[in-house]
Amino acid sequence: LSKKYRINGFSLDDESDCAPRSTLNRFQPWMTYVNALAQGLHQESLQLSAAVQAMFGIQDVPYHPYCHPDVSRAECSQACRDAPSSYSLEPKVTDLLSQSNVDRWLEMDTYYFTTGRFLNTLDWYTRHVPREKLGVAMMNRNDLTEDGLLARFHAIDKSRSDWINMFMLPVDDIFMPYLQRWKSLCAGCGVQSVLGCYDMTVSCSPDMVQALELST
């Protein structure tokens, strides 16, 4: 399949229990499967990414989802039902994430919600997932202000994350100037780019285009 369509890997998106399997005793066998899948793909020079969410909510507790007809899947899940700050850190989860065979964890907790929640969840993932394995996922949405976008991209920049995953294509025009500046490291944005990078009134010179071409 990969040779036929000239693709270099596969991506897994399992949201059947919001976070993968919701509790630690269900998450561990899921990770065994994902690691085996990644290892098999690596033997064929292929990569595996996995889109996940609410990993901070996976706890070492009995599986007992709060399901009833008038709640959503996220509200039903033990890992997604409560605010992120209400969960205690489960080191076994973060160890499994950091030591996995998965090439990229595409965390989806930065899709929604407020700027504050974006910053908090980004900090959690950059603290507990190696940078070379982390992909910061953002969703096309037209409700973000310029300040909201600036805060998000500034935080991604300072986290030193080197992968942004946009859901879904085509990317909305409001994201393009920020993505271009992030991707090019703000090359040509002012005499000193550090003073022009996040000032959207400052135009970026053709150096940005050259930097983008070199990075692709």
Side-chain angles (χ1 to χ4, degrees), residues 9-43 46-139 141 152 155-156 159 161 163-165 167-168:
F10 296 87
S11 189
L12 179 68
D13 184 358
D14 184 351
E15 301 178 40
S16 58
D17 217 339
C18 193
R21 302 301 182 265
S22 190
T23 59
L24 180 63
N25 66 340
R26 290 163 56 83
F27 177 61
Q28 288 170 319
W30 184 87
M31 280 297 308
T32 299
Y33 161 74
V34 170
N35 281 329
L37 176 60
Q39 186 174 6
L41 290 174
H42 292 163
Q43 292 173 358
L46 297 170
Q47 295 188 337
L48 178 68
S49 65
V52 295
Q53 60 189 345
M55 308 302 277
F56 42 74
I58 298 175
Q59 305 283 286
D60 189 6
V61 295
Y63 182 65
H64 184 65
Y66 309 96
C67 294
H68 51 87
D70 60 340
V71 302
S72 67
R73 180 177 293 176
E75 291 171 319
C76 177
S77 168
Q78 289 166 264
C80 292
R81 182 173 181 265
D82 300 318
S85 60
S86 65
Y87 294 103
S88 59
L89 179 66
E90 176 47 72
K92 292 179 181 177
V93 170
T94 54
D95 286 346
L96 286 167
L97 287 172
S98 62
Q99 298 169 14
S100 74
N101 294 331
V102 173
D103 296 287
R104 286 282 173 180
W105 292 109
L106 307 176
E107 60 83 14
M108 299 183 289
D109 291 289
T110 44
Y111 273 6
Y112 320 105
F113 308 113
T114 63
T115 299
R117 184 155 169 173
F118 178 100
L119 299 176
N120 290 337
T121 52
L122 175 64
D123 286 347
W124 190 91
Y125 281 104
T126 54
R127 178 174 296 181
H128 296 296
V129 178
R131 185 181 64 165
E132 66 273 12
K133 287 183 174 291
L134 179 61
V136 180
M138 302 179 75
M139 183 179 69
R141 39 189 292 203
R152 284 164 169 78
I156 294 170
S159 75
S161 300
W163 190 287
I164 292 178
N165 193 73
F167 176 81
M168 49 190 309

Open item on the list: Assess the residue pair Arg152 and Leu122 against the criterion (side chain to side chain contact (heavy atoms under 4.5 Å, CB included)); give the C-alpha distance rounded to whole Å, side-chain angles, the decisive distance to 0.1 Å, and a yes or no.
Closed with: CA-CA 9 Å; Arg152 284 164 169 78; Leu122 175 64; over 6 Å; no
Grab the two heavy atoms, one from [X] and one from [Y], that are nearest each other, plus how far apart they are.
| X | Y | result |
| --- | --- | --- |
| Ala38 | Val102 | CB-N, 4.2 Å |
| Pro29 | Asn25 | CD-O, 3.2 Å |
| Ala19 | Ser77 | N-OG, 4.4 Å |
| Met31 | Trp105 | SD-CH2, 3.6 Å |
| Asp82 | Tyr87 | N-OH, 3.2 Å |

Please check if the side chain of [X] supplies one atom and the backbone of [Y] the other of a donor-acceptor pair under 3.5 Å.
| X | Y | answer |
| --- | --- | --- |
| Arg26 | Arg21 | yes |
| Arg131 | Ser161 | no |
| Lys133 | Ser98 | no |
| Gln59 | Glu90 | no |
| Thr110 | Phe118 | no |
| Thr126 | Asp123 | yes |

Can you check whether [X] reaches [Y] side chain to side chain, under 4.5 Å on heavy atoms?
| X | Y | answer |
| --- | --- | --- |
| Asp109 | Phe56 | yes |
| Gln78 | Thr23 | yes |
| Val136 | Glu107 | yes |
| Glu15 | Met108 | yes |
| Pro84 | Asn120 | no |

TODO: Kindly check if Cys18 and Cys80 bring their SG atoms closer than 2.5 angstrom.
DONE: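 The sulfur gammas are closer than 2.5 Å, so yes.
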Quick check for you: to the nearest 0.5 Å, what is the distance between [X] atom [atom1] and [Y] atom [atom2]?
| X | Y | atom1 | atom2 | value |
| --- | --- | --- | --- | --- |
| Met138 | Ile156 | CE | CD1 | 4.5 Å |
| Ile58 | Gln28 | CD1 | CD | 10.0 Å |
| Leu41 | Asn101 | CG | CG | 10.5 Å |
| Asn35 | Gln99 | CG | CD | 9.5 Å |
| Asp103 | His42 | CG | NE2 | 3.5 Å |
| Leu89 | Trp124 | CG | CH2 | 7.0 Å |

- [ ] Begin from the C-alpha positions of Asp60 and Phe27 and carry the test side chain to side chain contact (heavy atoms under 4.5 Å, CB included) through to its verdict.
- [x] CA-CA 10 Å; Asp60 189 6; Phe27 177 61; over 6 Å; no
TODO: Apply ring pair (Phe, Tyr, Trp, His ring centres under 6.0 Å) to Phe167 and list each qualifying residue two or more places apart in sequence or on a separate chain.
DONE: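 Listed in chain order: Tyr111.
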Open item on the list: Just to verify, what does Tyr63 make a side chain to side chain donor-acceptor pair (under 3.5 Å) with, not counting sequence neighbours?
Closed with: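 Tyr63 satisfies side chain to side chain donor-acceptor pair (under 3.5 Å) with Asp17 only.
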- [ ] Not counting sequence neighbours, which residues clear side chain to side chain donor-acceptor pair (under 3.5 Å) with Trp30? List them please.
- [x]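 Trp30 satisfies side chain to side chain donor-acceptor pair (under 3.5 Å) with Asp14 only.
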